[in-house]
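Note that this is a predicted model, so its numbers are computed, not measured.
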Amino acid sequence: MTESAPGNRPERLQWFNRLGFGMFIHWSIDSQLGSVIGHSMARASEDYLEKFTRILPSTFNPKRFDPDEWAVLARLAGMRYVVFTTKHHSGFCMFHTRSTEFNVANTAFGRDVTGEIIEAFRRQGIAIGLYHSPDDFHFLHGKGMPVRRGIRPEACDGLLEHNKTQVRELLTNYGDIDIMFFDGPSDGLRELCWELRPDVVITRGAMRTPEQWIPGVRSAEPWEACVTMGTGWQYKPTNESYKSGTQLIELLIETRAKGGNLVLNVGPRPNGELPIEQEALLREIALWTFVNGEAIYEVEPWRVPGEGGVWFAARKDGGALYAFLTGEGEWPLYERREWTLSSVRAGPAMEVHVLGQADGLSDEQGPAVEWSQEEDGLRIRAGRMQRLYNNRRWPNPVVLRITDARVGLVPPSVVTGEAVRDEAAGSWRFHASLADLGAGDAVEAGFQYRPRRLLTDALEDWVDTSFETRRSTGEYSAQVEGLEEGTAWEFRAVVRHPAITVHGDSVTFR
């Protein structure tokens, strides 16, 4: 960052990355209908637009709105920051503004929702983030323009100044704002933010913010995954299906192992309460972070992000390595389970602890935690000794804290390339580059592919191509036939070392 080219300050990006886990809140007047937030105005009839802008403000009256309840629950769930939708694409402002009459002051409720949320979350010590959409369907409609996403400010007279007015209000009327999220063209708005609040961190608009998917490889640069509990961002009263608490916890783990933050969304009901399904999931996450939260904050990717069903993250101060044991299913109380970690080697002062439970426990089966360094890796045997559920079974990941851990092997490295269409043969050829063989003389190199899906859909299993033995680095490829036309697919490079399997990033093609 320079004076001529403003941007996120490096120390503030590090601060943001240390937060690890946040709450996204999508809420507006159309929550009364259960429709997708804002988007239903695009390509809508004049009758629909007239009813949307006239009826919905007059009926919005969330009498059970209590942002302190949201904030306390977020804190219990281990969320260190919040991002609230101050204005979504509809143009309706959930704050008091002089820029438009289309705002929460002119509803049956009348109160400044944004201001109350900010104060409630501040009381819990949670960093404040605000979502703002540069798209503004109400403004476009008033100008007689087509109502659709992505209209550049220069194509609509007055739109940029309209948005700048709102951003100034948000950044000057509510005290220090820590984070801004711009869901649309943000040229001019980012710079205004850094001018008004040099310490503000801009996420979308200035960093990678994948929506409803997790990147395939770790990153040294801060990034943020934006994920819903179900399929919708805003409250969806019917036709909704939710992820399990275990799935959401594992998404948090994977995101942190790859160096990113997870911002998990809630969609309040029109009366101001959180849906019971979402509250229940947050409380399941709260129990998990109450036990394991130290492994989520102030961490960075380990040299090897994951091994089999085990993900890794290391404390930034080098004090510990965390091993997240996922995919274990229900774990009965006192049962022992074993792992051999090829990518971790014991240092002379190594200790292994199960987060949440006391050290030095034992029963008739022996010590609760045992480990030994073997030739094929670090062997760990551990038992669940802490009773967290009445049925004495624990369905969610267990976390090990390993001190004085060393890198057990140098893993191979591979970079996914392109998928190239062979029109004559009606097939595709996948390309990749094997960058490093790792600790060994040979590896098996190939690819995996599947239909492209988001986390709101059921993910299909990866399909393997043929694999070839590689004894040197360099380019390799494989041909795939029979892929359905018109479908989006994704593929990734895969390298199988005798002790570990590594993947390249996934690449989408159609």
Side-chain angles (χ1 to χ4, degrees), residues 15-16 18-28 31 61-86 94-95 104 109 111-131 170 174-179 181 224 226-230 232-235 242-249 251-253 255-256 261-298 355-356 386 388-389 396:
W15 164 84
F16 173 74
R18 289 195 296 268
L19 297 178
F21 188 27
M23 173 182 279
F24 219 159
I25 306 174
H26 277 68
W27 196 35
S28 194
S31 61
N61 192 15
K63 294 182 178 180
R64 296 182 183 176
F65 171 58
D66 185 348
D68 285 298
E69 286 191 0
W70 302 358
V72 168
L73 183 52
R75 180 183 174 188
L76 284 172
M79 293 162 158
R80 297 283 178 90
Y81 67 101
V82 65
V83 180
F84 177 65
T85 48
T86 62
M94 294 290 279
F95 61 101
V104 73
F109 193 55
R111 287 156 49 186
D112 189 343
V113 167
T114 294
E116 293 188 32
I117 288 173
I118 288 172
E119 290 306 312
F121 279 81
R122 277 203 186 116
R123 283 190 285 272
Q124 297 302 320
I126 295 173
I128 304 302
L130 303 178
Y131 167 113
L170 291 171
Y174 300 105
D176 288 339
I177 301 301
D178 302 295
I179 300 160
F181 184 111
E224 179 182 54
C226 311
V227 175
T228 56
M229 293 183 176
W233 293 97
Q234 191 166 238
Y235 173 59
Y242 286 98
K243 301 173 184 68
S244 69
T246 301
Q247 287 176 296
L248 294 174
I249 291 166
L251 287 174
L252 173 60
I253 289 169
T255 300
R256 294 305 281 154
N261 286 22
L262 178 68
V263 60
L264 181 63
N265 185 73
V266 297
R269 297 172 61 197
N271 67 1
E273 294 179 319
L274 292 183
I276 187 60
E277 298 90 347
Q278 296 180 22
E279 179 185 339
L281 288 169
L282 286 174
R283 295 198 185 279
E284 182 175 351
I285 294 168
L287 175 56
W288 187 86
T289 58
F290 214 74
V291 173
N292 302 293
E294 73 169 77
I296 294 299
Y297 319 109
E298 306 279 346
L355 290 190
Q386 183 183 21
L388 295 171
Y389 278 170
N396 290 323

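The CD1 atom of Ile177 lies 4.5 Å from the CG atom of Leu130; values are rounded to the nearest 0.5 Å. The CG atom of Asp66 lies 9.5 Å from the CD atom of Glu116; values are rounded to the nearest 0.5 Å. Rounding to the nearest 0.5 Å places CG of Leu73 at 9.0 Å from CD of Glu69. Going from atom CG of Leu281 over to atom CD1 of Ile276 covers 10.0 Å, rounded to the nearest 0.5 Å.
In this structure the side chain of Gln278 never reaches within 4.5 angstrom of the side chain of Asn265, judged on heavy atoms. With contacts defined as side-chain heavy-atom distances shorter than 4.5 Å, the pair Asn271/Tyr235 does not qualify. Proximity of Phe181 to Thr85: side-chain heavy atoms (C-beta onward) are nowhere separated by under 4.5 Å. Counting heavy atoms from C-beta outward, Trp15 and Asp178 have side chains that approach closer than 4.5 Å. Counting heavy atoms from C-beta on, the side chains of Ile285 and Met79 never come closer than 4.5 Å. Between Glu284 and Asn396 there is a side-chain heavy-atom pair separated by less than 4.5 Å. By the 4.5 Å heavy-atom criterion applied to side chains, Val82 and Ile128 are counted as neighbours. Side-chain contact between Ile126 and Met23 is absent, with no heavy-atom pair separated by less than 4.5 Å.
Side chain of Arg64 to main chain of Glu273: no donor-acceptor pair is present (N/O by atom type, distance under 3.5 Å, no hydrogens or angles). For the pair Thr289 (side chain) and Ala77 (backbone), a donor-acceptor distance under 3.5 Å is present. Between the Gln247 side chain and the Ser244 main chain, a donor and an acceptor come within less than 3.5 Å of each other. Of the possible donor and acceptor atoms, none in the side chain of Thr255 sits under 3.5 Å from a partner among the backbone N and O of Glu224. Within the 3.5 Å criterion, the main-chain N or O of Phe24 finds no donor-acceptor partner in the side chain of Tyr131.
Evaluated for a side chain to side chain contact (heavy atoms under 4.5 Å, CB included) with Leu252, the options Leu262, Leu264, Asn261 yield exactly one hit, Leu262. Checking Asp112, Thr86, Thr114 one by one against Tyr174, the side-chain hydrogen bond (donor to acceptor under 3.5 Å, both in side chains) holds for a single residue, Asp112.
For an aromatic pair to be called close, the ring centres must be under 6.0 Å apart, and Phe84 with Phe121 fails this. Note: Phe65 and Trp27 meet the aromatic proximity criterion, with ring centroids under 6.0 Å apart.
In this structure, Arg75 places its CZ atom where only 12 or fewer heavy-atom neighbours from other residues, nucleotides or ligands lie under 6.0 Å away. Other residues, nucleotides and ligands contribute more than 12 heavy atoms inside 6.0 Å of the OH atom of Tyr389.
Summarising the geometry of Pro62 relative to Pro270, their closest heavy-atom pair is CB-O, 3.2 Å, with the distance given to 0.1 Å. Between Pro268 and His26, the closest heavy-atom pair is CD-O, 3.5 Å.
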side-chain contact (heavy atoms from CB on, under 4.5 Å) between Met94 and Ile117, worked out: CA-CA 11 Å; Met94 294 290 279; Ile117 288 173; over 6 Å; no
Evaluate Met229 against Leu282 for side-chain contact (heavy atoms from CB on, under 4.5 Å), listing each step before the verdict. CA-CA 10 Å; Met229 293 183 176; Leu282 286 174; 3.5 Å; yes
